[in-house]
Amino acid sequence: MSQIITVHSYRGGTGKSSTAANLALLLASGGHRVALVDTDIQTPALDLMFGDTVPSARRSLADYLVGHCEIEDAAYPCRADVGHDGVFLVPARSGAAGINEIMGRGYDVGLLREGFDRLIDLLALDVLLLDTHAGFNNETVTAMASSDALVIVTRADRLDLAGAAETMALAGRLGCVRVSVALSMVPDGVVDDRMRAEVESAYATEITAVLPYAPEMASLAGERLFSPAYPHHPLVTGYRRIISAVSNGTTAIRRG
Ligand SMILES: Nc1ncnc2c1ncn2[C@@H]1O[C@H](COP(=O)(O)OP(=O)(O)OP(=O)(O)O)[C@@H](O)[C@H]1O
Ligand SMILES: [Mg+2]
């Protein structure tokens, strides 16, 4: 059975896109067929993170949503020589023209869900990973509603935690049963009792994974993805914990 995993945060800049990209690579390195869709049409990131995987004259999710192409025309196999083998990427949009068009014309939200299902079928995917815009908009809510597993990436910061109750209430209404909370950008990777209690009380669930703040990520300057560069780093251990939590062991992620 294939799985849709959505990575979300209430506030921006928590590490969602980095998490989604690294989860995709780690799942693919475990032998799974994975596609990563950047549903963050306002502030896309994944095409940059994957470097020159995506050609400059390209199709995107936004092109599909306004009827310029099929979703599969916007799925690009990532380059094996830079360690991204086995991952397909659907970029969010092509330049500023893409956002003007989609904002001006709007689109039928049902197309998003149809596109996800079509990608799973045509690419014979084990896992479809959805990166989202922070907060709640059409794409984000549809991604959450479509997912088998929701990964919430949050800092232990009052501003982030302020959105916890709203996020969990929405996730409940949308029928998200498998919700994991990844505590992100943790200084020294150490969670003290007070921090743990605050986060777990805000989300009314246990923390699934601790993602340490990694200065090494800044030194990569966005030129390489983290897990191939630092495969033994505690941050990668944190990403792997998320994978085991959402899949109950990666053997659970299988096409049926
Ligand atoms: N664990 C980490 N340690 C240090 N830096 C990190 C970590 N995770 C992400 N970053 C850095 O923080 C910045 C924001 O990360 P990212 O783009 O993944 O967040 P985001 O939640 O997707 O942001 P947005 O809401 O804008 O889409 C990036 O510069 C990234 O390299
Ligand atoms: Mg992002």
Side-chain angles (χ1 to χ4, degrees), residues 5-27 35-51 53-54 60-62 84 87 89-93 98-99 128-144 147 150-157 159-164 166-167 180-191 195 199 203 207-243:
I5 302 172
T6 294
V7 182
H8 179 258
S9 68
Y10 178 77
R11 220 166 279 282
T14 60
K16 289 180 295 303
S17 300
S18 307
T19 301
N22 283 287
L23 293 187
L25 294 188
L26 293 168
L27 282 160
L36 189 51
V37 181
D38 193 346
T39 74
D40 188 351
I41 294 169
Q42 283 100 321
T43 50
L46 295 180
D47 54 335
L48 297 171
M49 287 185 176
F50 279 82
T53 280
V54 181
S60 64
L61 179 67
H84 305 157
V87 178
L89 176 64
V90 178
R93 65 174 155 95
I99 199 159
L128 181 69
L129 262 163
L130 306 176
D131 185 24
T132 59
H133 190 61
F136 309 118
N137 65 14
N138 281 339
E139 295 82 59
T140 294
V141 172
T142 306
M144 287 170 77
S147 54
L150 174 65
V151 177
I152 295 172
V153 180
T154 182
R155 292 162 294 212
D157 180 301
L159 292 175
D160 282 10
L161 298 182
E166 227 176 273
T167 304
S180 303
V181 173
L183 186 55
S184 183
M185 301 193 186
V186 177
D188 301 326
V190 177
V191 180
M195 192 192 286
V199 174
Y203 284 94
I207 295 167
T208 299
V210 173
L211 305 177
Y213 182 83
E216 295 92 332
M217 197 173 282
S219 70
L220 290 175
E223 282 166 19
R224 285 181 71 194
L225 283 165
F226 195 82
S227 54
Y230 295 95
H232 306 297
H233 194 282
L235 178 55
V236 178
T237 309
Y239 292 144
R240 288 192 189 282
R241 285 233 161 87
I242 298 174
I243 290 175

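Atoms within a ligand are numbered from 1 in the order they appear, just like the ligands themselves. The shown structure was predicted, so the numbers you read here are calculated from the model rather than taken from an experiment.
- The nearest heavy-atom contact from the protein to atom 27 (O) of ligand 1 is Asp40 OD2, 3.6 Å.
- Regarding atom 24 (P) of ligand 1, its nearest protein heavy-atom neighbour is Gly13 N, 3.5 Å.
- In summary, the atoms of ligand 1 found under 4.0 Å from a heavy atom of Tyr213, numbered by their order in the structure, are 3 (N), 4 (C), 5 (N).
- For the ligand labelled ligand 1, residue Gly222 lies outside the 4.0 Å heavy-atom shell.
- Enclosure of atom CZ in Arg11 by more than 12 non-hydrogen atoms of other residues, nucleotides or ligands within 6.0 angstrom is indicated.
- Taking CZ of Arg240 as the reference point, atom CG of Leu26 lies at 5.0 Å (rounded to 0.5 Å).
- Scanning all heavy atoms of the two residues, the minimum distance from Leu235 to Leu211 falls at CD1-CB, 3.6 Å.
- Distance from atom 12 (O) of ligand 1 to its nearest protein heavy atom, with residue and atom name: Met185 CE, 3.4 Å.
- Taking atom 8 (N) of ligand 1 as the reference point, the nearest protein heavy-atom neighbour is Met217 SD, 3.6 Å.
- Distances between N or O atoms of Thr43 and those of ligand 1 include no value under 3.5 Å.
- Side-chain atoms of Ile41 and His133, non-hydrogen and from C-beta on, never get closer than 4.5 Å to each other.
- Every residue two or more places apart in sequence or in another chain that forms a side chain to side chain contact (heavy atoms under 4.5 Å, CB included) with Ala134 is listed here: Ser9, Lys16.
- The heavy-atom pair separating Ala143 from Leu130 by the smallest distance is CB-CD1, 3.7 Å.
- Of the protein's non-hydrogen atoms, Lys16 N, 3.5 Å is the one closest to atom 20 (P) of ligand 1.
- Each of the following atoms of ligand 1 lies closer than 4.0 Å to a heavy atom of Ser17: 18 (O), 20 (P), 22 (O).
- In this structure, Ala45 falls outside the shell of residues with a heavy atom less than 4.0 angstrom from ligand 1.
- Scanning all protein heavy atoms for the shortest distance to atom 28 (C) of ligand 1 gives Ser18 OG, 4.8 Å.
- Taking the side chain as every heavy atom from C-beta outward, His8 and Thr167 approach each other to under 4.5 Å.
- When side chains are defined from C-beta on, Val90 does not count as touching Leu36, because their heavy atoms never get closer than 4.5 Å.
- Taking the six-membered ring for Trp and the full ring otherwise, His233 and Tyr239 have centroids separated by 6.0 Å or more.
- The shortest contact between atom 1 (N) of ligand 1 and any protein heavy atom is with Pro212 O, 3.0 Å.
- Counting atoms of ligand 1 from 1 in the listed order, those under 4.0 Å from a heavy atom of Gly12 are 25 (O).
- Listed by chain and residue number, the protein N/O/S atoms under 2.8 Å of the Mg ion (ligand 2) are Ser17 OG, with waters left out.
- Looking only at side-chain heavy atoms (C-beta outward), Thr14 and Thr154 stay at 4.5 Å or farther from each other.
- Summary of contacts: the protein heavy atom closest to atom 3 (N) of ligand 1 is Ala214 N, 2.8 Å.
- For Arg93 against Ala62, the heavy-atom pair with the smallest separation is CB-CB, 3.9 Å.
- No side-chain heavy atom of Ser180 sits less than 4.5 Å from a side-chain heavy atom of Ile152.
- By the 4.0 Å heavy-atom criterion, Leu211 is excluded from the residues contacting ligand 1.
- Under a 3.5 Å cut-off, the side chain of Asp38 and the backbone N or O of Ala45 do form a donor-acceptor pair.
- Contact atoms of ligand 1 toward Leu235: 1 (N) (distance under 4.0 Å to a heavy atom of the residue).
- The two residues Pro231 and Val236 have their closest heavy-atom pair at O-CG1, 3.6 Å.
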